[in-house]
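Predicted model, so just to flag it, every value in this text is computed and none were measured. Convention: sequence-line order gives letters A, B, ...; per-chain numbering from 1.
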Amino acid sequence: MPDTQALVNDFLNKLKKRKIEGSQATAKQTAELLRSVISQTRVPYTNQAAALIQSVKAVGERLIAANPVELAVGNVVRRVLHIIREEDLSLTAAAMAGVNLSAVSDDEDDADGDNQPVLSAAAIAAASRSTLRPPSLQTLLEDVPDFAAVPHTSSSGGDSEGKSKSADKSSRSRKLKHDVIEAVNELIQDISTCHEQIAEQAVEHIHQNEVILTLGSSRTVLEFLCAAKEKKRSFRVFVAEGAPRYQGHLLAKELVMRGLPTTLITDSAVFAMISRVNMVIVGAHAVMANGGVIAPVGLNMVALAAQKHAVPFVVLAGIHKLCPLYPHHPEVLLNELRSPSELLDFGEFSDCLDFGSGIGAPLLHVVNPTFDYVPPKLVSLFITDTGGHNPSYMYRLIADYYSADDLVLQRRATSGN
Amino acid sequence: MGAQKKSATPRVSEDPEDLARNPLQAILLADSFATTFRPITLERPKVLLPLVNIPMIDYTLAWLESAGVEEVFVFCCAHSKQVIDYLESSQWSSKPNFIVTTIESHNSISAGDALRLIYERNVIHGDFVLISGDTVSNMLLTEALQEHRERKKKDANAIMTMVVKQSKPSPITQQSRLGTDELFMAINPVTKQLLCYEDKAEYSKGFISLDKTLIADNPSIILHNDKQDCYIDICSQEVLSLFTDNFDYQHLRRHFVKGLLVDDIMGYKIFTHEIHSSYAARIDNFRSYDTISKDIIQRWTYPFVPDILSGSTAIKVERQGTYRASDVTVSRSADIGSFTFIGQGTKIGNDTKISHSVVGEGCTIGSNVTIEGCYIWNNVTIEDGCQLRHAIVCDGVIMKSGAVLQPGVILSFKVVVGQQFVVPAYSKVSLLQQPTHLDSDEELEYADNTSGTGEPGYKLNGDITPDLSETAYELGAGGVGYIWSVFEGVQDEEWRQSVAPIPTDKLIKLMLEKDEDDEQLTQDGNVFSASGELKADSDDNGSGDDDNEDSGDDYVFFEKEVEATFLRAVNENVKVDHAVLEVNALRLSYNMASVDCAGAIFYSMMKLAVESPHNSASELHKNAADIITKWQKLLKSFLHDIDEEIEVVLKFEEMCLESAREFAALFPQILHLLYDKEILQEDAILKWADEKEGADAADKVFLKHSEKFIQWLKEAEEEDEDE
């Protein structure tokens with residue numbers, strides 16, 4: 001597909017050059033790209049799910065490699081893979097039910113036989129999800145035979161039984177693709193509405209006359225605070241400016257425009273101010289499987305200050321930020337070092353960086369990390385679009401959204417190289 | 001100027017939208033037209049040399065792509081085939097919105113030729129970015145481009161915008177951190193127009209001249225020496241046609257920029273755009289290779305840093321700025337220090353220490369090796385116990401056990417260094433012999449075809465092992481390669497642009513020289529050396545307070561004239577009064593002070609004394625005494641005050657040091673004689689002694705000689721006072 005190929009390359013390029021900022025935008029664009037990849041993939045008659053999974057994986061690996069720091073890419077790829085598996089599972093279950101049905105009423109039309117599974121598919125999928133999912137070990141055991149079964153039945157069937165069966169199959173394959181695309185659309189919808197979903201819960205958490213502290217700027221936090229304001233809660237916000245990019249300044253401006261009383265403080269004043277604060281609300285870059293948070297630099301310090309003064313530390317994160325990996329995982333690149341020029345002007349300090357004299361190595365070294373890691377024990381609550389969760393509950397959410405087969409996606413990617 | 005120009009100008013002015021719709025184009029010169037990277041560039045073009053393990057041209061192209069350039073014309077000359085092959089096989093050939101086209105030429109010898117050829121092809125349709133393939137930057141072009149277009153709309157003569165960046169040159173070495181010479185730019189602070197550009201502040205000259213009209217036309221001018229030229233130019237189409245019109249323009253800066261600045265008929269203007277937070281620099285020599293590599297490792301060029309730029313191989317940044325590829329085998333006892341890059345597939349043995357270095361792909365490094373500040377390219381083998389400091393080691397080099405590279409060494413491709421061999425500092429080693437027909441003129445930056453980077457490379461391609469037969473064993477037992485000899489005179493300057501940091505003894509020396517200069521300046525603006533014609537220039541460097549700068553040369557002529565006059569007076573027995581008149585006339589015509597006359601006359605007298613026949617020092621003394629006695633009146637008539645008398649002593653001292661060493665032993669006697677004849681007053685001598693007191697030992701030689709005499713003078717003075 002030259003068309004998707006160009007799209008993929010374009011997106012890869014943007015990821016590489018760090019042209020897309022923010023995990024929400026990245027996640028959404030990744031999902032959209034994968035949707036077009038799926039729709040362009042030619043599905044064979046046999047083993048459609050595997051074909052889809054393979055093509056998504058192939059693209060996904062490249063996307064992840066392009067910007068390993070942006071974990072949202074990997075998350076969305078895994079979500080899509082999970083969706084394909086789920087849909088395939090539900091379709092197979094439905095087909096099996098259909099076979100049973102057709103065995104009972106053998107004389108009925110083809111049209112009827114086509115309609116029957118459609119109706120039951122959703123129900124059976126739901127049933128299989130609810131019954132098979134929670135005991136995860138069982139799911140794994142049950143999944144494998146299913147996959148093995150699909151090619152078997154189709155190959156044998158295609159040979160012997162002839163046209164009628166294959167027509168049924170082609171409609172099924174179209175169906176699978178259709179279902180997957182529907183589900184991915186839903187995912188895109190979820191990602192784009194995650195701010196509102198999270199913001200809806202604002203009134204439950206922010207109370208009258210409270211003081212809220214945040215650091216840097218996060219769109220989720222902004223919407224969250226504004227939602228509470230719209231519900232006639234009156235409260236005060238402390239914004240730490242978030243050096244070196246000072247996005248807190250922008251947040252403060254936005255908040256004031258929306259009529260919220262705002263106080264801007266330096267990052268270093270956080271500890272001094274924390275005793276007056278009722279709650280810390282911050283955004284995150286990614287939430288790891290253990291409940292640890294990868295967040296803009298400076299937040300670990302804020303979290304420690306909050307713990308010292310027993311102030312709740314609340315992290316807002318759209319579900320696309322939930323990463324099924326653990327921070328100690330070797331594939332996880334926790335941090336990115338950005339250009340030192342954000343900290344100081346090169347021209348001013350060029351004489352300190354003259355390598356021509358002395359030992360030939362600069363004595364001045366500037367480190368500009370983008371992220372902090374906040375361990376789970378410092379986080380009081382996660383608010384995602386599905387509601388509030390305890391850090392220790394994260395692994396359960398992960399089991400809901402990702403399938404275990406896909407966790408190793410990245411490892412395969414690196415060893416493949 | 002022709003039709004092209006005429007057709008281009010109205011289009012620009014009539015429809016600015018049209019300009020905006022034109023895709024932004026760039027010309028990338030994949031040939032530096034320089035020989036600074038020899039001997040490496042004999043075998044591989046400069047733009048393909050790895051910079052922190054990625055070819056330089058990739059940095060440039062990646063930047064152009066991210067800056068919104070849509071079409072790039074890569075001009076290749078030397079090793080054009082290698083460049084084209086590389087570009088075809090790389091990612092750049094298949095980008096949808098970024099077209100890379102190569103233009104090949106075999107007979108271009110300068111950037112000017114390249115641009116003329118591109119003009120003939122007629123491929124540039126609007127504003128373009130002119131850059132060479134060895135530039136690293138992460139600046140945003142939009143702002144500069146916007147400025148350029150707006151200026152162009154208002155004034156059709158604003159045809160070029162030059163990107164500059166603040167960077168202070170070192171006060172000691174007079175060169176920037178990139179190893180380039182101090183650069184002087186005069187810029188109008190309001191309009192940002194470039195008014196003067198002096199990249200070679202020639203040390204012999206030591207001054208810049210600004211046209212008087214500049215000051216009249218511009219209400220304020222700022223003269224910068226802390227700006228670095230980034231060699232990124234945003235040009236309008238006219239630039240190309242200008243190169244065609246002025247077929248003698250070769251060098252972009254030396255000819256084109258200076259030519260435009262001087263030329264007031266056309267009235268073309270060049271403007272500058274200063275960048276602050278972003279990075280831009282060009283690799284011009286080995287020192288800038290070192291500096292920019294370190295900047296990249298320190299991430300000043302973000303996002304163009306190895307871990308992001310490298311395509312397939314995963315590179316991770318670890319603590320202390322260490323970059324490591326995914327499958328590196330490092331012994332546990334090896335010490336990989338800070339700011340080091342280790343490429344894929346490299347193996348490092350026990351107890352090896354590496355710091356501030358770049359090690360490429362597929363290298364094998366043995367045990368107990370020390371690598372400090374080195375750039376080791378791909379597939380290099382370094383055996384046990386080697387020591388490398390501040391060197392560049394190209395692909396395929398083998399260093400046998402115990403070999404040592406001293407700072408500043410360049411090992412070109414596939415050189416083998418023998419066991420225990422010590423490669424001396426700053427030497428360049430290659431499998432290829434040094435071109436014999438050297439373009440001895442170091443000023444010639446462009447490589448002409450014969451000595452250029454083209455031919456020897458092909459020879460190597462044809463025959464992998466060129467005549468390595470007999471002489472190639474300069475590198476110890478089992479070594480293969482020639483050590484290139486360094487040109488006479490350049491040797492001293494080798495440290496300036498090498499990868500190695502400037503040795504401290506050089507710095508100290510420079511610092512001392514500088515102090516001396518300062519001291520002399522404060523002493524007297526008019527210290528001229530008599531005999532040392534060459535030195536006269538450097539001495540008058542700072543004597544700007546004195547009327548004319550080029551008095552150095554004038555003084556030499558004047559002195560000769562005076563000498564001739566004096567000799568004639570001696571030979572023809574001219575009356576003293578007449579001689580005085582004649583010297584005075586000379587003084588007026590050369591616009592000299594009487595100090596100069598005194599110096600010159602005394603110089604002539606002493607010279608006569610030396611040249612007249614004598615066998616021993618005492619005879620010489622007698623000669624001198626005779627002449628002084630005879631012509632004291634002439635001398636005296638120019639000694640109006642104490643300054644002039646001091647000048648005579650200084651002149652005498654100088655002569656003793658340089659032209660008339662015979663006098664060295666007689667210094668105190670003659671001084672006494674001059675005192676006796678009342679040519680010199682004791683105040684003058686004492687003042688001279690005082691001034692010399694502070695100078696360093698070499699200068700005090702004669703003060704020591706005449707210590708007794710001065711002592712005697714002082715005592716005499718005290719006695720006078722007592723009475």
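Between A:Lys57 and A:Asp405 no salt bridge is recorded (no basic side-chain N to carboxylate O distance below 4.0 Å).
Highest contact tally toward chain A, considering only B:Gln166, B:Glu65, B:Lys227, is held by B:Gln166 [criterion: heavy-atom pairs under 4.5 Å].
In this structure, the portions of B:Lys168 lying under 4.5 Å from any heavy atom of chain A include both its backbone and its side chain. Only the side chain of A:Asn13 comes within contact range of chain B, judged by heavy atoms closer than 4.5 Å. Contacts of A:Glu342 with chain B are absent, with no heavy-atom separation under 4.5 Å from either backbone or side chain. Residue A:Leu12: no heavy atom, backbone or side chain, is found under 4.5 Å from chain B.
With sequence neighbours left out, A:Glu32 forms a side-chain hydrogen bond (donor to acceptor under 3.5 Å, both in side chains) with no residue at all.
Aromatic pair A:His329/A:Tyr326: ring centres not closer than 6.0 Å. When ring centroids are compared, A:Phe346 and B:His276 stay outside the 6.0 Å threshold.
Because its NZ or CZ atom is both nearer than 6.0 Å to the ring centre of B:Tyr231 and within 45° of the ring axis, B:Arg282 counts as a cation-pi partner of that residue.
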